[in-house]
Amino acid sequence: MSIQLNNIISILGANCTSNVSAETIDHVSIDSRSSHNGNATLFFSIIGPNNDGHQYIKDLIAGGVRNFVVRYIPEELVDKANFLVVENTLEALQKFAIYYRGLFHFPVIGITGSNGKTIVKEWLNFLLSPDYTIIRSPKSFNSQVGVPLSVIGINEKHNLGIFEAGISTVSEMEKLEPIVQPTIGVLTNIGTSHDEGFENTNQKIKEKLKLFERVSVLIYKKDPKVDALIAPTITTFSWSDVDESAAVFISKTTFEDQKTTITYRFEGAIFEIEIPFEDKASVENAITCLLVLLYMKYDEVSINARMALLYPVEMRLEVKNGINNCNLIDDSYSSDFQSLKIALDFLEGQKKFEKKTVILSDIFQSGLTDAVLYHQVSKLIEANHITRVIGVGDTISSFKEQFVNGQFYPDTAHFLADFENLDFSNETILIKGARSFEFEEIVAALEQKKHETVLEINLNALSDNLNFFRSKLKPKVKIMVMVKAFGYGNGGLEIASLLEHYQVDYLGVAFADEGISLRKDGIRLPIMVLNPESTSFASIIQHQLEPEIYSLRGLNNFLKIAATKQLKNFPIHIKIDTGMHRLGFERKDISELIAILKNNDAVQVKSILSHMATSDDTNHREFANSQIRLFDELSSQLVTELGYNPIRHILNTSGISNFPEAQYDMVRLGIGIYGVSNNPDEQRFLENVGTLKSVISQIRTIPAGDSVGYSRRFMAQKETKVATIPIGYADGISRGWGNELGFVTIKNQKAKILGSVCMDMLMVDVTAIECQEGDDVIIFGESPTVVEMAEALHTIPYEIMTSVSQRVKRVFYR
Ligand SMILES: *Cc1c(COP(=O)(O)O)cnc(C)c1O
């Protein structure tokens, strides 16, 4: 964004005493902690129930912010900044969002209703994302503040918006409508939630419909109560399962084995789609999405293919550790041909073992004859290079001759009886069965004895975060993702496999060993090694890793080895020190560096890079810019002298956020992909990736005067219910987090940590929480977030994430 401040003053109808003719704004913030808060930021001082933005103005001015929208000018600051005085700063933010929204002219889907808004938004995003660059409300950002902030997130790369709007009382929607300006309206189900804010259902429906006053079309489920309130001027596209006058008439829904087949009539023809769940709410939400696809003129083939993939969020593919070093993919709750394809795809993406086994039950409801079905299944299994198939069920057993390396059992009990003879070891095993086969027993038999603490990694969140940062890049800018330190503690191989699937351009690791282990596990992406020891050069070459060369000594050592191996044009990366003073060539080394490189064809400079010391801190903008200038100068000199064009890159995550002008040819994305930004405005758009979970081992109630833990650091003032959790500092939970500073989440409630954190355990206060032994405990994730923990512990999220010990099992899901 780049908007004249003068312009904004007139849009807001604000009073401003200073002369701001030359100022432009490139960022809007409401959060005093945002690292975007620089001199081109416009800060809206929002007054909330617990927090008044005006109280941060003084500090923000000290930090370089010059432009504020305020209700009043704090004392003594009058001449220290530009103040745009308005009556209501929230309304001013909304006005600005309305103006900003008006600058873009692509289709925008606006969603409201009582239930299902977020799920419909997420599904539409999934269904449409192959064809559009979508901006959507983060999470369930649908309030009076959330909607304008979502809309202000639009940039030039987007070509479709999906925003949800939620209201709790009258006259809220008329404020949100002009901000969203939906062109396609979607009304999800009208339920009973928030009824207290309205006199009656009619009033509630009327209010929600205000979102759709200017849409080109309104998509909704026909309902006499709603119909009566829709203005006749509005074009509608409706569905119904009772009223045949609806544009899409659902004539039949049949459920079987967790799937629903929906038969519908549209423009005189009959169609059928299948969706992989059978609860009523999901079916309604899926039909709503179907109407959007029909309205957007998707053809039958794409609709059927994409709707079939709409698996519910809780149905997820998990990779678990199995016995004898096996990896398990647990898909033990469904068995149909579509989801088999997805699961085999996921299996294909698992690079850890060459040996792959599929344990498969009979498949139901394929719509094909058994002969055709199992023929197709066998082809699919062959195409996915599956080593062996274990079939369970009478039907699949009767087609055993179709499968090359197969073993068959009539039912799960027979399989389990033969378990010891099947010799499961060092392989990846997909367990896929219809619910009636009770494959969870097979999973239990194969699963390594459970350690009760796990770090769950949400791979979908990771790919969404990747897409978020991709949307910030100029066309053709490449992405290197840093997977050093075991993917910032989240798992090296699994994340690297995912990134390979999403076709990032490079991976970055810290040491050669990390790269070698990725290569051994089959990762083929180019991998740059940030800090290669000279002693590892030979194995770097052997495993086709690409070293960062940062000194003349390193270069000469590498060239010696390169000569003995008679290398030609081996890719290396040249690091320049522009002010970080960690690794890199300095200005004084450049001419010698050039002389050596020019004289040598054993290596080729694949890229030139530098690293910024202060990209996350706008107080040091001048220093950061000086680094960029020096990088520009020295790398240009190298490029000219070399006579070819290496990739140039300098930005890490916060650099991408704060110095978009310095993207060069590539960026190096690290912490951002794992869901952390140092900028709260941006943090909203990122999804949490890692959730550290445990369970309650024991609960007891102690009387007032008793103490908890070592050195009696917690003394109960009153009767206290105490829960013990099997995770401690040896798992990476800092002792500083104890003594009631830190908390865990149990049943969505905070439970403070009592006394000291022990090596393998900690105790929490659950006096006010209804809970039992064995209940789930969240150590970090959505709450507390690693960002919160880091702040309280005076460290950075990086340290919290990379501290989770390797004895904590990682579980991946999507
Ligand atoms: C770790 C690292 C990055 C990534 O940094 P983030 O702040 O996590 O994005 C980029 N470049 C270099 C040289 C690094 O060491």
Side-chain angles (χ1 to χ4, degrees), residues 35-36 462 465-466 468-470 472-473 477-492 495-496 499 504-512 514-515 526-533 545-551 554 572-585 606-618 620 624 627-628 630-631 635 647-660 662-679 682-683 685-686 689-690 786-787 790 795-803:
S35 68
H36 272 315
L462 202 95
N465 293 340
L466 174 66
F468 172 77
F469 285 100
R470 268 192 174 151
K472 295 185 149 267
L473 301 184
V477 173
K478 297 180 192 304
I479 295 195
M480 173 183 290
V481 178
M482 307 311 288
V483 295
K484 59 195 186 197
F486 194 54
Y488 287 47
N490 292 289
I495 288 173
L499 295 170
V504 306
D505 302 280
Y506 258 95
L507 297 178
V509 296
F511 299 106
E514 297 174 310
I527 300 174
M528 182 180 86
V529 181
L530 286 169
N531 195 356
E533 318 265 310
L545 304 170
E546 303 176 12
E548 173 186 292
I549 300 292
Y550 52 81
S551 66
I572 62 169
H573 301 261
I574 297 294
K575 172 75 147 287
I576 302 177
D577 178 12
T578 53
M580 173 83 177
H581 296 338
R582 189 167 70 176
L583 294 177
F585 291 94
K606 195 68 187 292
S607 86
I608 306 170
L609 67 150
S610 187
H611 193 49
M612 293 170 73
T614 62
S615 63
D616 60 342
D617 185 350
T618 40
H620 291 291
Q627 281 201 277
I628 295 172
L630 185 55
F631 177 64
S635 63
I647 300 167
R648 293 198 284 172
H649 47 120
I650 187 168
L651 299 182
N652 65 340
T653 302
S654 45
I656 298 172
S657 310
N658 296 333
F659 298 89
Q663 292 177 0
Y664 290 96
D665 311 304
M666 182 156 83
V667 296
R668 299 189 303 274
L669 180 59
I671 193 122
I673 199 174
Y674 307 103
V676 174
S677 165
N678 70 314
N679 179 340
E682 196 167 271
Q683 183 68 46
F685 288 88
L686 299 180
V689 171
V786 288
V787 176
T795 178
I796 50 176
Y798 301 72
E799 186 177 340
I800 309 272
M801 292 166 68
T802 54
S803 297

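Just so we're clear, the structure is a prediction, and the values are computed from it rather than from any experiment. Numbers here are sequence positions counted from 1. All ligand and atom numbering here is 1-based and tracks the order in the structure.
Near Ile671, meaning under 4.0 Å from one of its heavy atoms, ligand 1 places the atoms 6 (P), 8 (O), 9 (O). Of all atoms in ligand 1, numbered sequentially from 1 with element shown, those under 4.0 Å from a heavy atom of Met482 are 3 (C), 4 (C), 10 (C). Counting atoms of ligand 1 from 1 in the listed order, those under 4.0 Å from a heavy atom of Tyr488 are 1 (C), 4 (C), 5 (O), 6 (P), 8 (O).
Among protein heavy atoms, the minimum distance from atom 9 (O) of ligand 1 is reached at Thr653 OG1, 2.5 Å. Counting only heavy atoms of the protein, atom 7 (O) of ligand 1 lies nearest to Tyr798 OH, 2.6 Å. Nearest protein neighbour of atom 11 (N) of ligand 1, counting heavy atoms only, is Arg668 NE, 2.8 Å.
For Phe631 and His611, the ring centers are positioned 6.0 Å apart or more.
Polar contact check, Leu669 against ligand 1: no nitrogen or oxygen pair lies under 3.5 Å apart.
In this structure, Tyr488 and Tyr798 have tilted ring planes: the angle between them lies in the 30° to 60° band.
Distance alone, capped at 3.5 Å, is enough to place a donor-acceptor pair between the Asn465 side chain and the Ile673 backbone.
Counting heavy atoms closer than 4.0 Å to ligand 1, residue Asp616 contributes nothing at all. If you look at Met801 next to ligand 1, there are no close heavy atoms at all, none under 4.0 Å.
For the residue pair Thr795 / Glu799, a side-chain donor-acceptor distance below 3.5 Å is found, with atom types taken as modelled. Side chains of Ser657 and Glu682: a donor on one and an acceptor on the other come within 3.5 Å. Residues Ser615 and Asn652 bring a donor and an acceptor atom of their side chains to less than 3.5 Å of each other.
Rounding to the nearest 0.5 Å gives a distance of 4.5 Å between OG1 of Thr653 and CG of Leu669.
Here the shortest heavy-atom distance to atom 5 (O) of ligand 1, taken over Val509, Val481, Asn531, Asn652, belongs to Asn652. In the candidate list Met528, Lys484, His611, Met480, His611 is nearest to atom 13 (C) of ligand 1, counting heavy atoms.
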CA sep, side-chain torsions, deciding dist, call: Lys606, Glu548, salt bridge (charged side-chain N to carboxylate O under 4.0 Å, His left out)
CA-CA 10 Å; Lys606 195 68 187 292; Glu548 173 186 292; over 6 Å; no
